[in-house]
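Data block below; observations after.
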Amino acid sequence: MTSDGAADGADRIGIFARTFPGTDPVIVLGEVAAAGIRHTQFNLACAGLSTVPSMIPDGLPDQIRNAAEHHRVTIRALSGTCNLIDADPDRRAELIRRLAQLATFCETAGIPILTLSTGTRHPHDLWSHHPDNRSAAAHADLRHALRSLLDATAHTGVTLAFEPEPANVIRTADEAATLLDDLGSPRLRVLVDAANLVQDSPVEARAAVVEEACTRLAGRISLAHAKDLDAAGHVVAPGKGRLDFAHYLGAMRTLGRYDGPVIMHGLAPADVPAALAHLRGCA
């Protein structure tokens with residue numbers, strides 16, 4: 001059981017709402033429910049906004065909460081994906097303001113987690129590595145941004161969960177744990193995606209990487225993602241690649257002490273039934 005809520009067995013599998021096209025939350029969340037899925041991670045793109053918009057219309061949190069309740073879907077997290085170490089300090093400050101606004105949105109809409117990326121120095125692409133990501137300055141900027149965001153969202157009680165990504169500043173479970181230790185906030189936790197952690201590891205080493213990550217982050221995981229990797233390392237729908245999801249989900253439970261939902265992404269709507277069946281079998 002986690003503080004963010006637990007789910008059992010087959011009921012643990014959720015999906016990115018953005019998997020389904022549309023800009024009306026009622027319709028998009030209806031597609032989630034029609035697929036037989038109870039848990040989702042929402043993105044404001046599903047309401048016709050950008051992921052981290054400059055302004056949020058009045059009434060939208062209640063609209064999304066009502067749509068979720070109508071379809072009996074639980075929104076476990078809201079995406080707050082943006083570049084927290086943008087090289088321009090003015091842009092970083094604006095992103096902190098927008099993320100704080102999203103945390104207030106989460107509080108009103110009843111969404112417990114706001115997910116974050118740790119960013120890149122790449123000037124154009126959040127998912128492209130840059131050598132300056134390894135610099136002391138980049139890590140200092142990330143810590144400053146997270147401290148500012150924790151302060152700006154303290155009134156909400158919303159959990160901030162960052163995701164280690166191969167192309168971002170925080171790439172590994174060890175780096176994630178060090179960041180958590182340094183900042184020392186119970187409201188800052190980790191989002192784990194096994195595909196991110198093992199992407200640069202040979203297949204025979206992946207089990208050990210996952211186990212080490214779960215052990216290192218035990219008790220500090222707020223959400224789990226599920227996407228797969230094919231033989232070339234490209235993202236594919238869960239079950240179409242080479243990840244051992246039974247091992248991943250088991251390690252998350254027994255070593256990571258995580259019993260919450262596992263959110264599928266990286267798939268098309270047509271892939272959903274097979275991916276859902278695969279992950280439910282593994283769970």
Seminar exercise, completed: Residues pairing under salt bridge (Lys or Arg N to Asp or Glu O under 4.0 Å) where one sits in residues 40-50, two or more places apart or in two chains, turn out to be none
Problem set entry | salt bridge (Lys or Arg N to Asp or Glu O under 4.0 Å): pairs with one or both residues in residues 260-278, sequence neighbours excluded | Lys240-Asp271
Exercise. With side chains defined as the heavy atoms from C-beta onward, is the minimum distance between Val210 and Leu197 less than 4.5 Å?
Worked result: no
Exercise. What distance do Leu114 atom CG and Leu223 atom CG have between them, rounded to the nearest 0.5 Å?
Worked result: 11.5 Å
Exercise. Does the side chain of Thr115 pick up a donor-acceptor pair with the side chain of Gln41 at under 3.5 Å?
Worked result: yes
Show me, pair by pair, the donor-acceptor contacts under 3.5 angstrom made by side chains of residues 247-255, not counting sequence neighbours?
residue: His247; atom: NE2; partner: Glu211; partner atom: OE2; Å: 2.7
residue: Tyr248; atom: OH; partner: Val192; partner atom: O; Å: 3.1
residue: Tyr248; atom: OH; partner: His225; partner atom: O; Å: 2.8
residue: Thr254; atom: OG1; partner: Gly250; partner atom: O; Å: 2.9

Problem set entry | Ile113 side, atom CD1; Phe42 side, atom CZ - distance, nearest 0.5 Å | 16.0 Å
Using atom types as modelled, flag every donor-acceptor pair under 3.5 Å from a side chain in residues 44-64 to any protein atom, sequence neighbours excluded.
residue: Thr51; atom: OG1; partner: Asn43; partner atom: OD1; Å: 3.1
residue: Thr51; atom: OG1; partner: Asn43; partner atom: ND2; Å: 3.3

Exercise. What residue pairs, at least two apart or across chains, pass salt bridge (Lys or Arg N to Asp or Glu O under 4.0 Å) with a residue in residues 39-55?
Worked result: none
Seminar exercise, completed: Tracing side-chain contacts under 4.5 Å among Ile, Leu, Val, Met, Phe, Trp and Tyr outward from Trp127 reaches Leu126
Exercise. In terms of side-chain geometry, is the basic nitrogen of Asp141 or Arg121 positioned less than 4.0 Å from the acidic oxygen of its partner?
Worked result: yes
Exercise. Do we see a donor-acceptor contact under 3.5 Å between the side chains of His129 and Asn168?
Worked result: no
Problem set entry | Arg147 and Leu183, any side-chain heavy atoms less than 4.5 Å apart | yes
